[in-house]
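Below is one structure, written out as structure tokens, with a few remarks after it.
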Amino acid sequence: MRTTVGIIGGGPAGLLLARLLHRAGIDCVVLENRTREYVEQRQRAGMLEQGTVDALGEAGAAERLAAEGMVHQGIELRFAGERHHIDFPALTGGRTVTIYAQTEIVKDLVALQLAEGPPLLFGAEALAVEKAESETPVVRFLHQGREQTLSCDWVAGCDGFHGISRDAFPPAVSRAYRHDYPYSWLGILADVPPSCEELIYARSERGFALHTMRSPRVSRLYLQVPGGTDPADWPDERIWDELAARFAIDADWTLRRGPITAKSVTAMRGYVHEPMRHGRLLLAGDAAHIVPPTGAKGLNLAVSDVRVMARALAELYRTGNTQLLDSYSELCLQHVWQATRFSDDMTRMLHVQPDGDAFDDRMQLARLRRITASRHAAAELAANYSGLPLHV
Ligand code: RFL
Ligand code: PHB
């Protein structure tokens, strides 16, 4: 097989890239090792920055998002028995965020791709990227029991944190920066209307909790738990009791409970691989970087990477200009490090440090008080959360 851009991974990054390239008249093939059902059900992100919504619009994939996405004007911070609204439009000159599940984005992109092309192969496992430094890189992959090769002009490594694309970077040029946080998130989906209009980020002495949602009828909630927690140790009643205790405030408010339909534990880590380009191999999304989910940045970063990549490739094929491609890694990494910094700040401000002391406790409260007392500090949070501009 031969194509212009070989895309490894059919998650949000790979699928959106394929749509953007298709619209720019550049041909590509997407290799995804899982089944369609699996990628469409994988529970993950839900909070989209305006830039992400715009990118899905540019890809022609925002019809259902426009009808079903829930526009939010801010978030709520809860601590010390109090609730505080952070008003994004007022603090950022009109910016909002949108709740629309990653599962739905993937379904929309897959449906478009299968209807309009270019090819998207499920059950196609990339084994290695070869000759990345040459003008004709090759992806070796396994499909329907047969090993095959995909010859390309460019390879986009969109294969997530556990993918194989990063392995094609020679050790001499690769640098990885990593931090493992000493806690995880237990996430649930529940068939119950959300108990809030906007997301609640709660800091309590019992640990962090987040209330988010998937639709007017489905809630998504997260609890900070110790690393290595087995979801089987958390029967439904225990989860609801713990959530209720962490969200408790002095005012009248109750957490609605309902049947839990999914439970999973996610480790919290930060990871950045530098650079994001080697020869004709470009990384995007979780293949290059992971942030702890407290800042809701992972999916948004994957989308901003592929926006830059699609624009850079379109410019090359339209004008022969390689300027944007040459600065791809540097441009993306500046944005990635800012999102990593914000995600780390949010994470440390809201989670209980297992070996923390009373001093750490007071520092967290002082940080939260600063945000709720100072318009300037709140505006800084709102600007980061709703998405810093990407200078392309
Ligand atoms: P993905 O989604 O991991 O997709 C990679 C795809 O590559 C496939 N693959 C391969 N295909 C072929 N050959 C191989 N050898 C392959 N190896 C892997 C995989 O099957 C998969 O389909 O990465 P991508 O596209 O970069 O997208 C990144 C996002 O999925 C991720 O950053 C977000 O989900 C992170 N995240 C959040 N991000 C947000 O912006 N807002 C949020 O609210 C948010 N909440 C979250 C999150 C992530 C979470 N978890 C579970 C990690 C909440 C959670 C709990
Ligand atoms: C989600 O909706 O799953 C979500 C929202 C905000 C976060 C993390 C996850 O910070």
Side-chain angles (χ1 to χ4, degrees), residues 6-18 30-36 38-49 51-52 70 72 75 97-103 105-106 109-110 120-129 139-143 150 156-167 184-189 194 198-201 208 210-215 218-222 262 264-269 271 283-306 336 339 342-343 346-347 350 385 387:
I7 301 177
I8 308 176
L15 292 168
L16 179 61
L17 178 64
V30 184
L31 305 175
E32 165 57 52
N33 66 348
R34 303 286 193 158
T35 62
R36 178 178 184 181
Y38 185 92
V39 300
E40 289 185 348
Q41 295 309 321
R42 195 165 37 197
Q43 280 304 325
R44 287 190 171 172
M47 174 60 90
L48 314 184
E49 297 171 1
T52 299
M70 295 178 280
H72 284 204
I75 57 168
V97 292
T98 302
I99 283 282
Y100 187 67
Q102 181 167 331
T103 47
I105 295 178
V106 168
L109 290 169
V110 166
L120 159 59
L121 308 184
F122 288 104
E125 183 192 0
L127 303 171
V129 179
V139 182
R140 263 198 307 115
F141 68 101
L142 201 57
H143 186 48
L150 178 63
C158 304
D159 48 351
F161 186 62
H162 301 287
I164 51 93
S165 303
R166 270 197 322 269
D167 299 344
S184 296
W185 277 15
L186 171 65
I188 63 158
L189 263 185
E198 53 196 25
L199 271 54
I200 307 173
Y201 287 81
F208 170 72
L210 170 61
H211 192 328
T212 168
M213 59 197 73
R214 287 294 172 263
S215 75
V218 177
S219 297
R220 174 113 170 116
L221 298 110
Y222 299 98
S264 61
V265 171
T266 309
M268 301 275 283
R269 72 165 69 91
Y271 176 91
L283 300 181
D286 282 15
H289 41 73
I290 299 277
V291 285
T294 330
K297 287 285 165 255
L299 172 63
N300 293 298
L301 278 180
V303 169
S304 64
D305 290 348
V306 301
V336 165
F342 173 66
S343 305
M346 288 285 280
T347 302
L350 291 163
Y385 193 101

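Each ligand, and each atom within it, is numbered from 1 in the order the structure gives. Note that the coordinates shown come from a computational prediction; the quantities given were computed from them, not determined experimentally.
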Practice task
For Gly46, take its heavy atoms, then give the atoms of ligand 2 lying under 4.0 Å from any of them.
Solution key: 1 (C), 2 (O), 3 (O)
Handout entry: Over all atoms of both residues, closest heavy-atom pair of Asn300 and Glu49
Key = OD1-N, 2.9 Å
Practice task
Could you tell me whether a side-chain N or O of Lys297 sits under 3.5 Å from a main-chain N or O of Ile290, the two making a donor and an acceptor?
Solution key: no
Problem - From Leu48, Asn33, Asp286 - option closest to atom 11 (N) of ligand 1 by heavy atom - result: Asn33
Completion exercise
Gly46 heavy atoms within 4.0 Å reach ligand 1 at atoms 42 (C), 43 (O)
Exercise for the section: Show which atoms of ligand 1 fall inside a sub-4.0 Å distance from at least one heavy-atom site of Thr266. Expected result: 50 (N), 51 (C), 52 (C), 55 (C)
Exercise for the section: Using a strict 4.0 Å cut-off to heavy atoms of Tyr222, name the atoms of ligand 1 that fall inside it. Expected result: 53 (C), 55 (C)
Handout entry: Any N/O pair Ala296/ligand 1 closer than 3.5 Å
Key = yes
Problem - Backbone or side-chain N or O of Gly298 under 3.5 Å from ligand 1 N or O - result: yes
Handout entry: Residue and atom name of the nearest protein heavy atom (relative to atom 5 (C) of ligand 2), distance in Å to one decimal
Key = Leu199 CD2, 3.7 Å
Problem - For atom 13 (N) of ligand 1, the protein heavy atom that lies nearest, with its residue and separation - result: Ala126 N, 2.9 Å
Handout entry: Any Leu299 side-chain heavy atom under 4.5 Å of Arg44 side chain
Key = no
Handout entry: Closest contact, heavy atoms only, Ala296 versus Tyr201
Key = CB-OH, 4.4 Å
Handout entry: Subset of ligand 1 atoms that lie under 4.0 Å from at least one heavy atom of Gly160
Key = 3 (O), 5 (C), 23 (O)
Problem - Check: Thr103 and Gln43 side chains under 4.5 Å, non-hydrogen atoms - result: yes
Exercise for the section: For ligand 2, note which part of Arg44 has a heavy atom under 4.0 Å away: side chain, backbone, both or neither. Expected result: backbone
Practice task
Kindly indicate whether the side chain of His211, heavy atoms from C-beta on, has any atom under 4.5 Å from the side chain of Leu221.
Solution key: yes
Exercise for the section: Find out whether Met47 and Ile99 are in side-chain contact, i.e. whether some heavy atom of one side chain is under 4.5 Å from a heavy atom of the other. Expected result: yes
Problem - Nearest-neighbour protein heavy atom for atom 6 (C) of ligand 2, which is reported as residue plus atom name and distance - result: Tyr201 OH, 3.3 Å
Problem - Point-to-point distance, once rounded to the nearest 0.5 Å, from CD1 of Ile105 to OG1 of Thr52 - result: 7.5 Å
Handout entry: Asp286 side chain vs Phe161 backbone, donor-acceptor pair below 3.5 Å
Key = no
Practice task
Anything under 30° is parallel, anything over 60° is perpendicular, the rest tilted; go ahead and classify Tyr385 against Phe342.
Solution key: perpendicular
Fill in the blank from the handout: Heavy-atom closest pair (Ala267 atom, Ser184 atom, distance to 0.1 Å) is CA-OG, 3.7 Å
Practice task
Using a strict 4.0 Å cut-off to heavy atoms of Ala296, name the atoms of ligand 2 that fall inside it.
Solution key: 6 (C), 7 (C), 10 (O)
Practice task
Could you tell me whether Cys158 approaches ligand 1 through its side chain, its backbone, both or neither, with non-hydrogen atoms closer than 4.0 Å?
Solution key: backbone
Practice task
Would you name the heavy atoms of Ala287 and Arg166 that are closest together and state the gap between them?
Solution key: O-NH1, 2.7 Å
Problem - Side chain to side chain, Leu15 and Val39, heavy atoms closer than 4.5 Å - result: no
Fill in the blank from the handout: Under 4.0 Å from one or more heavy atoms of Gly9, ligand 1 contributes atoms 6 (C), 7 (O), 8 (C), 11 (N)
Practice task
Looking only at protein heavy atoms, identify the closest one to atom 38 (N) of ligand 1 and say how far it is in Å.
Solution key: Leu299 N, 2.8 Å
Handout entry: Main-chain N/O of Ile8 paired to Asp159 side chain as donor or acceptor, under 3.5 Å
Key = no
Practice task
Between His162 and ligand 1, find which residue part has any heavy-atom pair under 4.0 Å and reply side chain, backbone, both or neither.
Solution key: neither
Practice task
May I ask you to test the Glu40-Val110 pair for a side-chain heavy-atom distance under 4.5 Å?
Solution key: yes
Problem - Sub-3.5 Å N/O-N/O distance, Tyr385 and ligand 2 - result: no
Handout entry: Closest candidate by heavy atom, reference atom 3 (O) of ligand 1, pool Arg44, Met268, Gln43
Key = Arg44
Handout entry: Contact partition for Ala124 relative to ligand 1, non-hydrogen atoms under 4.0 Å
Key = backbone
Handout entry: Min N/O separation Pro12 to ligand 1 under 3.5 Å
Key = yes
Completion exercise
Looking at Glu125, Gln102, Arg42, the heavy atom closest to atom 34 (O) of ligand 1 belongs to Gln102
Fill in the blank from the handout: shortest atom 25 (O) of ligand 1-to-protein heavy-atom contact is with Ala13 N, 2.9 Å
Handout entry: From Thr98 atom OG1 to Met70 atom CE, the distance as rounded to the nearest 0.5 Å
Key = 9.5 Å
Problem - Location of contacts on Leu210 toward ligand 2, heavy atoms closer than 4.0 Å - result: side chain
Practice task
Name the closest protein heavy atom to atom 4 (C) of ligand 2, giving the residue it belongs to and the distance to 0.1 Å.
Solution key: Thr212 CG2, 3.9 Å
Exercise for the section: Starting from atom 37 (C) of ligand 1, find the nearest protein heavy-atom neighbour and note its residue, name and distance. Expected result: Ala45 CB, 3.0 Å
Exercise for the section: Compare Gly295, Gly11, Ala128, Gly285 and give the one whose heavy atom is closest to atom 4 (O) of ligand 1. Expected result: Gly11
Practice task
Taking only heavy atoms of Ile164 into account, list the atoms of ligand 1 that are under 4.0 Å away from them.
Solution key: 15 (N)
Practice task
Quick one: look up the protein heavy atom nearest atom 8 (C) of ligand 1 and list residue, atom name and how far away it is.
Solution key: Glu32 OE1, 3.2 Å
Fill in the blank from the handout: CG (Leu150) and NE2 (His143) are apart, to the nearest 0.5 Å, by 11.5 Å
Handout entry: Non-hydrogen atoms of Gly9 and Val30 that approach each other most closely
Key = O-CG1, 3.6 Å
Problem - Residue, atom name and distance, where the atom is the protein heavy atom closest to atom 18 (C) of ligand 1 - result: Asp159 O, 3.1 Å
Problem - Numbering as shown, the atoms of ligand 1 that approach Arg34 to under 4.0 Å (heavy-atom distance) - result: 20 (O)
Problem - 4.5 Å side-chain heavy-atom contact, Thr294 and Phe208 - result: yes
Exercise for the section: Compute the shortest N/O to N/O distance between Pro293 and ligand 2 and return yes if it is under 3.5 Å, no if not. Expected result: yes
Fill in the blank from the handout: Quick note on ligand 1: atoms under 4.0 Å from a heavy atom of Leu31 include exactly 11 (N), 12 (C)
Handout entry: Within-cut-off N or O pair, Tyr222 and ligand 2, under 3.5 Å
Key = yes
